[in-house]
Amino acid sequence: MKNSMSFLTDPTLSTVEIAEQLLGCLLVKEVDGVITSGHIVETEAYVGIEDQASHSYNSRKTPRMTAMYEPAGTIYIYKMHTHLMLNVVTKDKGDPQAVLIRAIEPHAGTQLMEERRQKQGVEATSGPGKLTKAMGIAMDDHETSILKPSLYIDTHEKKSPVSIERSKRIGIPNKGEWTDALLRFTVKGNPYLSRKKGQVRVDNGWDAMLD
DNA sequence: CTCACGATCGTCT
DNA sequence: GACGATCGTGAGT
């Protein structure tokens with residue numbers, strides 16, 4: 001029996017609520033029939049035309065960011081230096097808000113992800129540019145839906161964070177109140193966070209789950 | 001065409 | 001924590 005609708009496209013939820021609820025969900029990518037996946041442990045909310053840190057600030061709309069203006073569930077990928085950044089649009093068409101996926105805890109295909117990165121352990125997926133490379137995410141995925149293959153989020157395979165921490169977004173200097181806004185969400189005690197890891201918990205910050 | 005600038009990463013201190 | 005690498009985008013001439 002299927003649930004009715006993913007929270008990802010629920011119009012009653014704010015971008016902040018979606019950023020929180022994404023923690024623990026399974027991000028999945030299939031390349032040439034091979035799956036890699038990981039549970040999301042770090043997100044950031046970019047809350048629209050008033051958010052000076054967002055690409056869509058002041059209703060800015062350039063060719064690379066048209067996906068931001070598409071409906072909830074649309075994937076927005078952009079290049080930062082040599083890296084790809086993965087975002088999921090959260091609101092209705094014409095309301096450019098999104099969540100940046102910043103880190104995952106590997107689930108399936110860990111060895112393949114380490115090979116793609118030429119890095120072991122936490123270094124494979126502990127950052128927005130790292131996880132896209134590890135999972136083989138490419139510009140082909142841009143403007144596709146996060147609800148269907150080959151790049152999708154499985155909200156049924158969700159783990160439950162023991163505790164969620166809020167902090168300032170990474171790499172947002174000189175943006176007034178938006179520099180200090182607490183719009184970054186992390187699973188407390190998880191070792192795969194991109195920065196400012198606190199003490200790592202033995203359960204990686206997940207509630208014990210009975211299957 | 002030119003040029004300034006990053007929602008980063010890796011390395012070094 | 002600081003800094004250099006490195007390159008596509010977008011604004012300006």
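Quick note on labels: first sequence line is chain A, next is B, and so on, each numbered from 1.
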Worksheet item: With a cut-off of under 6.0 Å to the ring centre and 45° to the axis, is A:Arg169 in cation-pi contact with A:Tyr46?
Response: yes
Worksheet, complete the sentence: In short, side-chain hydrogen bond (donor to acceptor under 3.5 Å, both in side chains) pairs touching residues 112-122 of chain A with sequence neighbours left out are A:Gln111-A:Glu115
Worksheet entry | A:Ile77 CD1 to C:dT9 C1', straight-line distance once rounded to whole Å | 17 Å
Item to complete: Name the orientation class of the two ring planes belonging to A:His39 and A:His107 (parallel below 30°, tilted from 30 to 60°, perpendicular beyond 60°).
Response: perpendicular
Worksheet, complete the sentence: Whole-Å distance, A:Glu44 CD to B:dT8 C1', equals 12 Å
Practice prompt. Kindly indicate whether a cation-pi arrangement holds for A:Lys158 with A:Phe7, taking the cut-offs as under 6.0 Å to the six-membered ring centre and within 45° of the axis.
Written response: yes
Practice prompt. Verify the ring-centre separation between A:Tyr78 and A:His55: is it less than 6.0 angstrom?
Written response: yes
Discussion item. Tell me the interatomic distance from A:Lys168, atom NZ, to B:dA7, atom C1', rounded to whole angstroms.
Written reply: 15 Å
Worksheet item: Which of these passes side-chain contact (heavy atoms from CB on, under 4.5 Å) with A:Pro128: A:Glu42, A:His83, A:Arg102?
Response: A:Arg102
Worksheet, complete the sentence: d(A:Thr144 OG1, A:Met139 CE) to nearest 0.5 Å is 10.5 Å
Sub-3.5 Å pairs of nitrogen or oxygen atoms, protein against nucleotides 10-13 of chain B:
from: B:dG10; atom 1: OP1; to: A:Arg117; atom 2: NH1; distance (Å): 2.7
from: B:dG10; atom 1: OP1; to: A:Arg117; atom 2: NH2; distance (Å): 3.2
from: B:dG10; atom 1: OP2; to: A:Arg117; atom 2: NH2; distance (Å): 3.2

Show the atom names and distances, to 0.1 Å, of all donor-acceptor pairs under 3.5 Å that link a side chain in residues 20-31 of chain A to residues at least two apart or in another chain.
from: A:Lys29; atom 1: NZ; to: A:Asp141; atom 2: OD1; distance (Å): 2.9
from: A:Lys29; atom 1: NZ; to: A:Asp141; atom 2: OD2; distance (Å): 3.1
from: A:Lys29; atom 1: NZ; to: A:Ser150; atom 2: OG; distance (Å): 2.9

Worksheet entry | Sub-4.5 Å side-chain heavy-atom contact between A:Ser194 and A:Arg184 | yes
Can you give me the N/O atom pairs linking the protein to nucleotides 3-6 of chain B at distances under 3.5 Å, or say none if there are none?
none

Worksheet item: When we call it a touch if two heavy atoms are under 4.0 Å apart, what does A:Arg195 touch: a base, just sugar-phosphate, or nothing?
Response: nothing
Fill in: A:Asn174 atom CG, over 12 foreign heavy atoms within 6.0 Å
no
Worksheet item: Could you give the CG-to-C1' distance, from A:Leu131 to B:dC9, as a whole number of Å?
Response: 13 Å
Worksheet item: OP1, OP2 of C:dG10 versus side-chain N and O of A:Arg64: anything below 4.0 Å?
Response: yes
Response to the item:
Taken to the nearest whole Å, CG/A:Leu84 to P/B:dA7 is 15 Å
Item to complete: Scan A:Arg169 against the nucleic acid and name what it touches under 4.0 Å (heavy atoms): base, sugar-phosphate only, or nothing.
Response: nothing
Worksheet item: Taking atom C1' of C:dT9 as reference, at what distance in whole Å does atom OH of A:Tyr76 sit?
Response: 10 Å
Discussion item. Can you measure A:His142 atom NE2 to B:dA7 atom C1' for me and round it to whole angstrom units?
Written reply: 15 Å
Practice prompt. Look up atom NZ in A:Lys168 and atom CH2 in A:Trp178, then write down how far apart they are to the nearest 0.5 Å.
Written response: 15.0 Å
Fill in: Proximity to DNA chain B (any heavy atom under 4.0 Å), residues of residues 133-141 of chain A only
none
Worksheet entry | Between C:dA2 (P) and A:Ile170 (CD1): distance, integer Å | 14 Å
Worksheet item: Is the NZ or CZ atom of A:Lys61 both under 6.0 Å from the centre of the six-membered ring of A:Tyr69 and within 45° of that ring's axis?
Response: yes
Response to the item:
Shortest non-hydrogen pair, A:Ala98 vs A:Thr15, comes out as O-CG2, 3.6 Å
Worksheet item: So, A:Tyr78 and B:dA7: ring centres less than 5.5 Å apart, planes less than 30° off, yes or no?
Response: no
Worksheet entry | Contiguous Watson-Crick or G-U pair runs (3 or more, under 3.5 Å) in DNA chain C | B:1-6 with C:7-12, B:8-12 with C:1-5
Item to complete: Please step through side chain to side chain contact (heavy atoms under 4.5 Å, CB included) for the pair A:Gln97 and A:Val89, ending with a clear verdict.
Response: CA-CA 6 Å; A:Gln97 305 190 37; A:Val89 177; over 6 Å; no
Practice prompt. Assign A:Leu100 to base, sugar-phosphate, or nothing according to its heavy-atom contacts below 4.0 angstrom with the strands shown.
Written response: base
